[in-house]
Asker: 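Below is a structure I'd like to ask you about.
Each chain gets a letter, A, B and so on, in the order its sequence line appears, and its residues count up from 1. Fair warning: this is a prediction, and the values are worked out from it, not measured in the lab.
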Amino acid sequence: MNILAEIRSRFASVLSVYTDQPAQYLEMIRPVEDSRHGDYQANFAMKLAKLCNQNPRDLALAVAAKIELSDICAPPDVAGPGFINLRLSDGWLGTEINRMAADDREGVAPVVSPKTYVVDFSGPNVAKPMHVGHLRSTVIGDAICRILRFLGHQVLGDNHIGDWGTQFGMIIYGYKHFLNQAAFEQDAVLELARLYRFVNQLCDYHDLRALQPKLDKGLAEKLEEIDAAAAAPGDEKQKQKLQKKLTGELEVIREQIADSRKKLSTVESNPQVEALARQHPEIAVKSRLETAKLHGGDPENLKLWNQFVPACLDAIQGVYDRLNIHFDLSLGESYYQPQLAAVVADLKEKGLARESEGAMCVFIPGTETPFIVQKTDGAFTYATTDLATIKYRRQPLHADAMLYVVDTRQSEHFKMLFETARLWGYGAVEFKHVNFGTILGEDGKPYKTRSGDTVGLESLLDEAVGEALKVIESEELANGEDRPKLAADVKQRVAEIIGLGGIKYADLKHNRESDYKYSLKKMLAKEGDTATYMQYAYARVCGIFRKCDVERDVVRQSPDRIVLSHSKERNLAVQLARFGEILESAMSEYRPNILTDYLFQTANAFSSFYDECSVRDAETPELRASRLRLVDLTARVLARGLELLGIETIEQM
RNA sequence: GUCUCCAUAGCUCAAUUGGAUAGAGCGUCGGCCUCCGAAGCCGAAGGUUGCAGGUUCGACUCCUGCUGGGGACACCA
């Protein structure tokens, strides 16, 4: 059950005496941060006292006297200026924990009024291999789907694949001019990726060559500007400030030039590549033309597209299979293509879109930049596709809420998208940009390889699994004969689970809105707040059952009851009892880190219990039976919680 | 130039959205395996929450200014 919700509902009736808007005061009832104050605390007395013109402490005392919680808590305690502290009674806790143990959903009741959620996440481009940039969306989106679904909602995880964009023009151009037939027959996806990178490289090359004089000019101008600013009369402090700013800008230009030179020399140092670059001076324009032809229904390009897409999707699917991530829908951009003209026509008809500088735009009151739904050349944009998608998700999919698990840098786009959708008639839908920050390297800049390329997702996963394997082997060495050896294939499987779990957990444990520094060492470290810590706690429970020679199923079916006699047992029980409440609060702002945090604390409460309370050698048979049950429930909550994060558990590691 | 986000222990991050003495992990120092798995447990040191004001019973959180850093700013998604 949701303890917090229950306590709040008890307070609601008492508070109605003081105010007709109790909601904001009920919000101020929450779990304590410091366990010395009990288990839950109500902090509304100070605020409410002001409204009623009363002494806050008196008011707290009055409420505490009136509140009916004797079945759940010990008598409430009023502290400080008017905090009402609640401590769950051992009797109630015992009953609750036994109820949870007997329930195959660990006591988490499905929500009373389920909603239909469409969760848009991952969204890779089919033409390009997946890279680190896709990790957060994929992992966070998957966790949100799993949690919402477990809470009883109707959830449609939708992979809005980029399968219609400009990158296809590049691939088609590459296919027509640079194809290595043998390589294509051997591994089509690899060859297509190579073609994409190659065409991209040549486009960049020509762009940068054209840009070079401008950069040089910019550099010269900036230097002059700095000199002029230095010579100009004026306040010293202001001048210093200006100098600093200009020097900063100068640095940016210098970096651009250095970067550009590097890319140019990569091409020029290879005579073959340079020759090809010379032979294709218009490559960028012509690639765009190929895209336009594809969009216009050109049979040849459409045929190639139909040939490429399934192959690429297969490759992407391999990554999802490995990550154990599944979508309910995979409707890419191409799916909405036939509907885009109608979307624009409708927006025009409703007076929302109008022409500006040749493009069809929606202007949102209060924002200056337009939301472009059709470009000057007549092509539609991702804004148009997103609107068509919203329409589809509302009808026929009946979505009540649409979540977009997308990089925070796109927040401007989503702000305009949601506002446009509201004006367009979708005001009843809950739109939410579930934004997230960037994964950074050790240097604090977006995570790249040493040579400056983006890091492929698969190699990232391989690296983590490899590291996990190393850790397992070093542990095996350190433990000697103390533990049963894992068979080679089992070891590989365990490494896969620990490695991928490590990556996922490291991502999910950060507040999704923050950037974080990627550190393979830390997420697979032997000590600390890692997925391994929870997986280890789980494996230890399994170890207890092996040592006691009891089946977990048997314990679960038995009529034994959990009794809480030891303070470590109580701590663990309080922690377990909060599971349902945590899941709900994690979803109120779609923040999986609330769940990771909880699981860490739960595993910690277990480890602490494990250290002081023996299960096998418990003082009485009753206590042993009770602890077996408690420990089984702990393992179930840990496994369930990890499962909801997309992380697997193993019985031995 | 406009808008926007951020700054918390040596390092990496939390802080239930205004609550009590700001918490974890790593690192450092010190304890704990003849006892169910030490990938563990227990303890210590470590902070003027970038700076200066303000709002109030109460501020890491809200407001103003400053310093430093990221990001986004019409036809790429």
Asker: Tell me what A:Cys203 touches on the nucleic acid: a base, only sugar-phosphate, or nothing, going by heavy atoms under 4.0 Å.
Answerer: nothing
Asker: Answer yes if the ring centres of A:Tyr404 and A:Phe418 are under 6.0 angstrom apart, and no otherwise.
Answerer: yes
Asker: Taking only the side-chain heavy atoms of A:Asn604 (C-beta and beyond), determine which of B:A77, B:U12, B:C41 contains the nearest atom.
Answerer: B:C41
Asker: Does A:Asp34 get its side chain close enough to the base of B:A22, under 3.5 Å, for a donor-acceptor pair?
Answerer: no
Asker: Check whether the aromatic ring of A:Tyr536 stacks on the base of B:G40, taking stacking as ring centres less than 5.5 Å apart and planes within 30° of each other.
Answerer: no
Asker: Of the candidate nucleotides B:C35, B:U16, B:A39, which contains the atom at the shortest distance from the side chain of A:Asp617?
Answerer: B:C35
Asker: Would you say the base of B:U17 and the side-chain of A:Arg591 have a donor-acceptor pair closer than 3.5 Å?
Answerer: yes
Asker: Counting just side-chain N and O atoms, does A:Arg578 come under 4.0 Å of either OP1 or OP2 of B:U16?
Answerer: no
Asker: Looking at B:C13, I'd like to know if its phosphate oxygens (OP1 or OP2) sit under 4.0 Å from a side-chain N or O belonging to A:Lys509.
Answerer: no
Asker: Looking only at side-chain atoms of A:Thr532, point me to the closest of B:A39, B:C36, B:G40.
Answerer: B:A39
Asker: Within the supplied structure, the quantity of interest is the number of heavy atoms (other residues, nucleotides, ligands) at a distance under 6.0 Å from A:Lys415 NZ; does it exceed 12?
Answerer: no
Asker: So if I take every side-chain heavy atom of A:Tyr516 and compare against B:A77, B:C13, B:G25, which nucleotide ends up nearest?
Answerer: B:C13
Asker: Whole Å only: how far is the CG atom of A:Leu595 from the P atom of B:U16?
Answerer: 17 Å
Asker: When you get a sec, tell me which of B:A39, B:U16, B:C36 is the closest nucleotide to the side chain of A:Glu33?
Answerer: B:U16
Asker: If B:U64 has a Watson-Crick or G-U wobble mate with both distances under 3.5 Å, name it; if not, just say none.
Answerer: B:A52
Asker: Which nucleotide, B:U12, B:A77, B:A72, lies nearest any side-chain atom of A:Arg409?
Answerer: B:A72
